[in-house]
Amino acid sequence: MQAPQLDGPDAPVPDPPRPAPWHGQAPVVAVVAVGGAVGAVARYAAAVLWPTGTTGFPWTTFCVNVVGCFVIGLLMVAITEKWTVHRLVRPFFGTGVLGGFTTFSTYAVDIQRLIEEGRPATALAYLAATLLAALTAVRLAVTTARRVLPDGPTARREKGKRSS
């Protein structure tokens, strides 16, 4: 005996085929990985070109983090407010390159090292100076980018809609 065939509105609808789990995210993961490698190499180059002694103030890490924060401020204004860019630009540069370049984990290790070496005042100064300088760098970059970067076609259309 055959199973009855259901036709009409009560007929079961087969599930649509599901894409592979990494299908949509594979390009994003790939560009973050490549960007992270580029950023990490740039950070390593900074450490080689400007080494910090084991007992000195960690100037290289401080400067790398502040510069990275400034660039992320510029980048985010450029690609979210000024220009229309490919969807992989933000993960490549923002998460990948700048995530690999900045090193807030080393910042934490530097603070711990300074404390263990018996220099808590330097550790506290480094902690506060990095936080203040990084936030100031982002704010300065955002303000500068909004004033200096030219609007792309998308930004001009959006401004035209708001003023109408």
Side-chain angles (χ1 to χ4, degrees), residues 22 24-115 117 119-164:
W22 284 97
Q25 292 298 317
V28 175
V29 171
V31 299
V32 168
V34 171
V38 169
V41 167
R43 176 174 23 99
Y44 178 75
V48 168
L49 293 171
W50 187 14
T52 299
T54 55
T55 59
F57 188 88
W59 286 108
T60 306
T61 303
F62 176 82
C63 290
V64 160
N65 287 336
V66 173
V67 167
C69 287
F70 185 85
V71 175
I72 197 84
L74 290 176
L75 176 73
M76 289 299 113
V77 169
I79 67 175
T80 62
E81 297 178 18
K82 298 291 186 169
W83 308 321
T84 301
V85 297
H86 190 277
R87 71 181 187 94
L88 296 177
V89 169
R90 186 175 182 169
F92 175 74
F93 284 109
T95 306
V97 174
L98 293 170
F101 181 67
T102 58
T103 176
F104 286 91
S105 58
T106 301
Y107 162 67
V109 170
D110 287 340
I111 293 167
Q112 180 182 6
R113 179 184 53 81
L114 289 166
I115 291 170
E117 290 173 357
R119 300 184 313 156
T122 304
L124 186 58
Y126 177 51
L127 184 141
T130 299
L131 180 62
L132 182 63
L135 291 174
T136 301
V138 170
R139 185 69 190 144
L140 179 63
V142 167
T143 302
T144 301
R146 286 180 176 153
R147 290 183 182 165
V148 173
L149 293 178
D151 287 345
T154 303
R156 284 193 290 272
R157 277 196 301 271
E158 290 300 318
K159 283 183 181 178
K161 287 179 188 176
R162 282 184 259 156
S163 62
S164 302

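What you are looking at is a predicted structure, and each value in this text was computed from that prediction instead of being measured.
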A.B. asks: Fit a plane to each ring of F57 and W59, take the angle between them on a 0 to 90° scale, and name the class: parallel (under 30°), tilted (30 to 60°) or perpendicular (over 60°).
C.D. replies: tilted
A.B. asks: Are the side chains of Y107 and L127 in touch, meaning some heavy atoms are under 4.5 Å apart?
C.D. replies: yes
A.B. asks: When F92 is tested against each of L98, V34, V32, V85 for side-chain contact (heavy atoms from CB on, under 4.5 Å), which residue passes?
C.D. replies: V34
A.B. asks: Under 6.0 Å from the CZ atom of R90, do we count more than 12 heavy atoms belonging to anything else shown?
C.D. replies: no
A.B. asks: For the residue pair V66 and A133, what are the closest heavy atoms and their distance?
C.D. replies: CG2-CB, 3.6 Å
A.B. asks: Answer yes or no: is there a side-chain heavy-atom contact under 4.5 Å between R119 and R113?
C.D. replies: yes
A.B. asks: Which heavy atom in L149 sits nearest to a heavy atom in L74, and how many Å separate them?
C.D. replies: CD1-O, 4.3 Å
A.B. asks: For residues T52 and T60, is any side-chain donor paired with an opposing acceptor at under 3.5 Å?
C.D. replies: yes
A.B. asks: Without hydrogens or angle criteria, can the side chains of Y126 and D110 be said to hold a donor-acceptor pair below 3.5 Å?
C.D. replies: yes
A.B. asks: Are T143 and R139 side-chain neighbours, meaning at least one heavy-atom pair lies under 4.5 Å?
C.D. replies: yes
A.B. asks: Over all heavy atoms of both residues, which pair between V28 and P91 is shortest? Give the atoms and the distance, please.
C.D. replies: CG1-CB, 4.0 Å
A.B. asks: State which residues pass side-chain contact (heavy atoms from CB on, under 4.5 Å) with Y44; sequence neighbours excluded, sorted by chain then number.
C.D. replies: V48
A.B. asks: Is it true that, when you exclude F101 itself, more than 12 heavy atoms of the residues, nucleotides or ligands shown sit nearer than 6.0 Å to its CZ?
C.D. replies: yes
A.B. asks: What pair of heavy atoms forms the shortest contact from G94 to I72, and how long is it?
C.D. replies: CA-CD1, 3.7 Å
A.B. asks: Taking all atoms of both residues into account, what is the closest heavy-atom pair of T103 and V64, and its distance?
C.D. replies: CG2-CG1, 4.4 Å
